[in-house]
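Read the numbers this way: they start at 1 and go in the same order the structure lists the ligands and their atoms.
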Amino acid sequence: MKSEKIRMLSTVCMVLLGIFAEAAAFAGVPNIAALIYKYDDTYVSTVRNALSKAFDGKANLTMKDGEGQQAIQNDQLDVVIEKKMDGIIVNMVDAQAAGGVVEKIKAAGIPVVFFNREPDLNVLKGYDKAVFVGTNVVEAGKLQGDIIKSLWDANPNFDLNKDGQFQYVMFKGEPDNPEAIARTEFSVKQAEANGVKMAQIGETFVCNWDTAQAETAMESALASNEGKIELVIANNDAMALGAIAALSGIGYNVEGGSKFIPVIGVDATNPAVDAIGKGIMSGTVKLDGEAMGEAIAAIMLNMTAGKAPLDGTQYTYDDSGIAVRIPYSPYVK
Ligand code: CA
């Protein structure tokens, strides 16, 4: 009997200890869930690290990998709503599915910050505890246009045929992606607005943000236009590096080599920054993932504390009244 009592007592103690341990872990700080579209994405990884850092000691952060599948993310959403999180951060897998996501979160009354992959903002406007943190979709292209202007001015030898125009080839991410469309259009428009006469060679190469596809496309461009291409513009660094691989295959853009064609991208990935450092790539545009993570955390902590989302921060809304835009910056040697 005695041992039975001891066993019961110890069970009770264990349960109580468990409750206290849980209370200690969650004491005083909000529980935040972050649903990430996929972990295997260089830029989003930067944001994830920044979130962990920014919430450290200020919130209990739980992150979930959506693995690039909206169905997985939907299940994760159901789980975190059921766990009654104090705040939810959503990096949509499929931005078009945001309507259903925000409806569920609204029904639970939980504050939400969407980031990076931009939903139709009208879908979010029906919920007063929803904020979007993103970038300005035309800005990356415009900054590429500014880089083109400085390259053109600083390097008269880039005008191989001396016709006063910059003959370029264009690598586009995806046909209908808003960022790909804006970067393709505004890089050239901004260069022209800066006074550079731009002349495209061949069709725009759609290479799905992919290095290998861009390398193949650049090989074919070089086969018919070697010596005529004066500039390579790519929607992202992965494709820029594919173009450089094709160029180096025929002796251009080799470290310490004599033949060089300027290549520019977007993202400032580590390999691109390395290539710029070696002088085999000319420039890129940096998405500041750290700044984005800091903004998301600051806004979320305000909301979980019952304050206005931008209270006491340096951030402002754009014309939508619901979105905060984190600026890009040019990156050159
Ligand atoms: Ca020229």
| field | Ring centre gap for Phe132 and Phe114 strictly below 6.0 Å | value | no
| task | Report the distance from atom CG of Leu35 to atom CD1 of Ile72, rounding to the nearest 0.5 Å. | result | 12.0 Å
To 10 degrees, how wide is the angle [atom1] ([X]) to the Ca ion (ligand 1) to [atom2] ([Y])?
atom1 : X      : atom2 : Y      : value
OD1   : Asp159 : OD1   : Asp163 : 90°
OD1   : Asn161 : O     : Gln165 : 150°
OE1   : Glu230 : OE1   : Gln167 : 80°

| message | When you measure from the centre of the six-membered ring of Phe186, is the NZ or CZ of Lys189 closer than 6.0 Å and no more than 45° off the axis? | response | yes
| query | Do Lys286 and Tyr331 meet the cation-pi criteria used here (NZ or CZ under 6.0 Å from the six-membered ring centre, within 45° of the axis)? | reply | no
